[in-house]
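Each chain gets a letter, A, B and so on, in the order the sequences are listed, and its residues count up from 1.
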2 protein chains.
Amino acid sequence: MKNNLFAPSQEQTERIGNFFRVMGDPTRLKILTVLLNGKMCVMHISQAVGMSQSAVSHQLAILRRANLVCVSRSGKSQVYAIADEHVRLILDMALLHSAEHEEEL
Amino acid sequence: MKNNLFAPSQEQTERIGNFFRVMGDPTRLKILTVLLNGKMCVMHISQAVGMSQSAVSHQLAILRRANLVCVSRSGKSQVYAIADEHVRLILDMALLHSAEHEEEL
DNA sequence: TGTTCATATGAATATTTGTTCATGTGAACG
DNA sequence: CGTTCACATGAACAAATATTCATATGAACA
């Protein structure tokens, strides 16, 4: 009800919006929850989430750019992992919270 | 690297995915940050975010269904507000975090 | 170093999601 | 109680995003 409102910078809003948006896609979220179990190569991830290698690879690229996962090579495979404990924490929190609010939505 | 993976229930994944997705839209995020300033009616919100009344109303409906905002009537106006402190907290945390990581993304 | 295997990627298509436009609805206030 | 004002909503359209398909890439290992 004021004349000048608090507002985060547009850049800031875009950044957190982007973060939420990346987390908000079903396929990416499945990938992330699968990776909570530990490092995994692309083939196994795509089996675990039941999607094509290509689709998974495209989404992994998005997760990489958003710094939510990181990659390393092991033999012939690219091994993906949750980028850091911070991401793991957010996922855990969201899962916990959702368990508390089963009636909502 | 195991045979049976930890996996949240599909319902759980959908719920948190939905939460993140709702937060991830630029218009909705603008609306929410505007509402951090306090309760506001639809007309004022649409002025504050610079979008049509209809577009804002559609997005408010989504925010309502996701329990991120709540409504009450005041005279002829519907007054919207952040649903609870929990939502406020998440927004604050995300804004803080984004300020700390300006170089990422 | 040539071949293979795992993954990445570009382009086309499919799908989802947001906005607009026109109009409906319902509470308020005369 | 009818009109008006503020908002909601359905359908059509537009824009963004995900998936598929075909193919490129590039490290590993013979």
Side-chain angles (χ1 to χ4, degrees), chain A residues 1 10 13-35 39-81 83 105, chain B residues 1 10 13-35 39-81 83 105:
Chain A
M1 54 259 282
Q10 185 181 341
T13 314
E14 269 168 25
R15 199 158 39 229
I16 76 175
N18 190 58
F19 173 80
F20 284 129
R21 187 159 39 73
V22 170
M23 300 284 284
D25 176 71
T27 302
R28 288 191 290 265
L29 205 53
K30 274 190 217 162
I31 292 174
L32 289 172
T33 58
V34 163
L35 288 179
K39 304 166 164 245
M40 216 183 279
C41 72
V42 178
M43 213 170 44
H44 285 156
I45 295 172
S46 74
Q47 287 171 356
V49 304
M51 304 203 57
S52 75
Q53 178 267 316
S54 182
V56 167
S57 202
H58 276 291
Q59 298 310 321
L60 282 170
I62 293 172
L63 289 169
R64 247 187 293 132
R65 280 177 227 128
N67 293 111
L68 297 184
V69 299
C70 57
V71 209
S72 61
R73 179 169 284 275
S74 165
K76 290 186 176 180
S77 303
Q78 295 282 91
V79 178
Y80 279 83
L105 295 184
Chain B
M1 53 257 284
Q10 185 180 342
T13 313
E14 269 169 25
R15 201 158 39 229
I16 75 174
N18 190 58
F19 174 80
F20 284 129
R21 187 159 38 74
V22 170
M23 299 284 286
D25 175 71
T27 301
R28 288 190 291 265
L29 206 52
K30 273 190 218 163
I31 292 174
L32 289 172
T33 57
V34 163
L35 287 179
K39 303 167 165 244
M40 217 182 281
C41 72
V42 178
M43 213 171 42
H44 285 155
I45 295 171
S46 75
Q47 287 171 356
V49 304
M51 305 202 56
S52 75
Q53 177 265 315
S54 182
V56 168
S57 202
H58 276 293
Q59 299 310 323
L60 282 171
I62 293 172
L63 289 168
R64 246 186 296 131
R65 278 177 229 128
N67 292 112
L68 298 184
V69 299
C70 57
V71 209
S72 61
R73 179 169 283 275
S74 165
K76 290 186 177 179
S77 302
Q78 295 283 89
V79 178
Y80 280 83
L105 295 185

Could you run down the sub-3.5 Å N/O contacts of the protein with nucleotides 6-10 of chain C?
residue : atom : partner : partner atom : Å
C:dT7   : OP1  : A:Val42 : N            : 3.1
C:dT7   : OP2  : A:Met43 : N            : 3.1
C:dA8   : OP1  : A:Tyr80 : OH           : 2.5
C:dA8   : OP2  : A:Ser57 : OG           : 2.6
C:dA8   : N7   : A:Gln53 : NE2          : 3.0
C:dA8   : N6   : A:Gln53 : OE1          : 3.4
C:dT9   : O4   : A:Ser54 : OG           : 2.7
C:dG10  : O6   : A:His58 : NE2          : 2.9

Restricting both atoms to N or O, compile the protein contacts to nucleotides 12-18 of chain C shorter than 3.5 Å, with distance only.
residue : atom : partner : partner atom : Å
C:dG18  : OP1  : B:Arg28 : NH1          : 2.8
C:dG18  : OP1  : B:Arg28 : NH2          : 2.8

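One interatomic measurement links the two molecules: CG of A:Asn18 to P of D:dA16, which rounds to 14 Å at whole-angstrom precision.
Across all non-hydrogen atoms, the minimal contact from B:Val71 to B:Gln78 is CG1-NE2, 3.7 Å. Nearest heavy-atom pair across B:Cys41 and B:Ser77 is CB-CB, 3.8 Å.
Remark: B:Ile62 CD1 to B:Asp25 CG distance equals 7.5 Å, nearest 0.5 Å. Summarising the geometry, atom CD belonging to A:Glu14 is positioned 9.0 Å from atom NZ belonging to B:Lys30; distances are rounded to the nearest 0.5 Å.
Tested against B:Gln59, the residues B:Thr27, B:Val49, B:Leu29 include a single side chain to side chain contact (heavy atoms under 4.5 Å, CB included) partner, B:Thr27. Each of B:Arg64, B:Lys39, B:His44 was scored for a side chain to side chain donor-acceptor pair (under 3.5 Å) with B:Tyr80, with one residue passing: B:Arg64.
Pair assignment for D:dA30 gives C:dT1, based on Watson-Crick or G-U wobble hydrogen-bonding distances that are each under 3.5 Å.
Residues A:Val22 and B:Phe20 form no side-chain contact, since every pair of their non-hydrogen atoms from C-beta on lies 4.5 Å or further apart.
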Please walk me through it: do A:Asn18 and A:Arg15 pass side chain to side chain donor-acceptor pair (under 3.5 Å)? CA-CA 5 Å; A:Asn18 190 58; A:Arg15 199 158 39 229; over 6 Å; no
